[in-house]
Amino acid sequence: MSAVGFLAQEKIWFDKPRYDEAERRFYEYKNSSPKATQEAGSNTILQDIARARENIQKSLAGLKNTLCNRESGQSFQSHQPQFSTSSSSNTADQGELAVRIKSLELENQSLHKVVDDLRAALSKLESRVAVLEKSPAPVAPAPAPTVLCTNGTTVQKKPSVPLKEEEDDDDIDLFGSDEDEEAEKIKQQRLKEYAEKKAKKPALIAKSSILLDVKPWDDETDMVKLEECVRSVQADGLLWGTSKLVPVGYGIKKLQIACVVEDDKVGTDLLEEEITKFEDYVQSVDVAAFNKI
């Protein structure tokens, strides 16, 4: 059971102090004289009057303070907009000035950087110009002329080395000498000998290796006779090589034969034309492989 429920069920006289006070006043009133009662009543009236005066004075003083506060508030409000506008304008001017100062500082830094870069580039350019001025310009050698020989071949002529100019003008031969003529004769003689040696060398002959597939009509064709017919084809620049029989199918075999030919004298068309003339043995001729040697 909770404490509230216990107190609700318990019989307690909560108003006993009030009754005690009322009983005390009753006995005091009964025991006191009428004159004392009147004095007590007058005293209470005087006290109430004094309290009423104090309340009135306090209320008057409070009203006066309220009026004074209102007047001062109105005057402060009348002056406040001007002060706020002036302070706000000053703040805006200061902010704009700070922004401009900051932008000028940034621009000054960028200009300093550009000037430093230009100085570095200028110093590099000056050093390169100084190096170029010190080093002499290379002289490109003139191309060597070609001389046409009697047999139609061209020979590259060696460039003549220029003689060093002497400081003394007395050493210059204004009328020429026989040494130049002798040097020219020797040069022509050497060129002629070189052309003769080159003409005596054998020319390079272009050759090719060809592998032919010669197919018979059927399996009853005499392959030995067929090979004899193929090898009977002779021409200048033709050399037959090894051969073998390669099965094709159904008992039929083809002749695979190799040969070496000179490209300027013998071609594949000539070989096919000559071999296919043996119609009794040869059905067709194909080039299986063709390689340059």
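As the structure is a computational prediction, the values presented were derived from the model and not from experiment. Just so it is clear, the values below take in all heavy atoms, side chains as well, and ignore hydrogens, waters and symmetry mates.
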Could you report the tightest heavy-atom contact between [X] and [Y], atom names first, then the distance?
{"X": "T276", "Y": "E279", "result": "O-CG, 3.6 Å"}
{"X": "E227", "Y": "S243", "result": "OE2-OG, 2.6 Å"}
{"X": "V266", "Y": "A235", "result": "CG2-CB, 4.2 Å"}
{"X": "M223", "Y": "P216", "result": "SD-CG, 3.8 Å"}
{"X": "I275", "Y": "V282", "result": "O-CG2, 3.8 Å"}
{"X": "V233", "Y": "L238", "result": "O-CD2, 3.6 Å"}

Residues [X], [Y]: salt bridge by 4.0 Å N-O rule:
{"X": "E96", "Y": "R100", "answer": "no"}
{"X": "E28", "Y": "R24", "answer": "yes"}
{"X": "K215", "Y": "D286", "answer": "yes"}
{"X": "K277", "Y": "E274", "answer": "yes"}

R25 and E21: salt bridge (Lys or Arg N to Asp or Glu O under 4.0 Å), yes or no, with the steps? CA-CA 6 Å; R25 289 180 180 180; E21 184 65 23; 3.5 Å; yes

Between the main-chain N or O of L104 and the side-chain N or O of N108, is there a donor-acceptor pair closer than 3.5 Å? no

Test your reading of the model: is there a side-chain donor-acceptor pair from Q234 to the backbone of R231, 3.5 Å cut-off? yes

Could you walk me through whether V261 and C259 pass side-chain contact (heavy atoms from CB on, under 4.5 Å), step by step? CA-CA 7 Å; V261 299; C259 63; 4.3 Å; yes

Sequence neighbours excluded, which residues qualify as side-chain contact (heavy atoms from CB on, under 4.5 Å) partners of E273? none

Please enumerate all residues that pass salt bridge (Lys or Arg N to Asp or Glu O under 4.0 Å) together with K113, with sequence neighbours excluded. none

To the nearest 0.5 Å, what is the distance between [atom1] on [X] and [atom2] on [Y]?
{"X": "I101", "Y": "L106", "atom1": "CD1", "atom2": "CG", "answer": "12.0 Å"}
{"X": "I252", "Y": "W217", "atom1": "CD1", "atom2": "CH2", "answer": "11.5 Å"}
{"X": "I210", "Y": "E272", "atom1": "CD1", "atom2": "CD", "answer": "9.0 Å"}
{"X": "Q283", "Y": "K254", "atom1": "CD", "atom2": "NZ", "answer": "12.0 Å"}
{"X": "L211", "Y": "T242", "atom1": "CG", "atom2": "OG1", "answer": "8.0 Å"}
{"X": "E262", "Y": "I293", "atom1": "CD", "atom2": "CD1", "answer": "10.5 Å"}

Is the shortest heavy-atom distance from the side chain of [X] to the side chain of [Y] under 4.5 Å?
{"X": "V285", "Y": "D213", "result": "no"}
{"X": "E228", "Y": "K225", "result": "yes"}
{"X": "S208", "Y": "V260", "result": "no"}
{"X": "V246", "Y": "L255", "result": "no"}
{"X": "I257", "Y": "W240", "result": "yes"}
{"X": "F290", "Y": "S209", "result": "no"}
{"X": "S232", "Y": "V230", "result": "no"}

List the steps and the verdict of salt bridge (Lys or Arg N to Asp or Glu O under 4.0 Å) for D263 and K292. CA-CA 9 Å; D263 296 342; K292 291 286 185 180; 2.6 Å; yes

With clusters defined by side-chain heavy atoms of hydrophobic residues (ILVMFWY) lying less than 4.5 Å apart, directly or transitively, does L245 cluster with L226?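 Yes; tracing contacts between hydrophobic side chains, which count when under 4.5 Å, links both residues.
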
Could you check Q188, Q189, E184, R190 and say which one makes a side chain to side chain contact (heavy atoms under 4.5 Å, CB included) with I186? R190

What residues form a ring-ring contact (aromatic ring centres under 6.0 Å, His included) with Y19, not counting sequence neighbours? W13

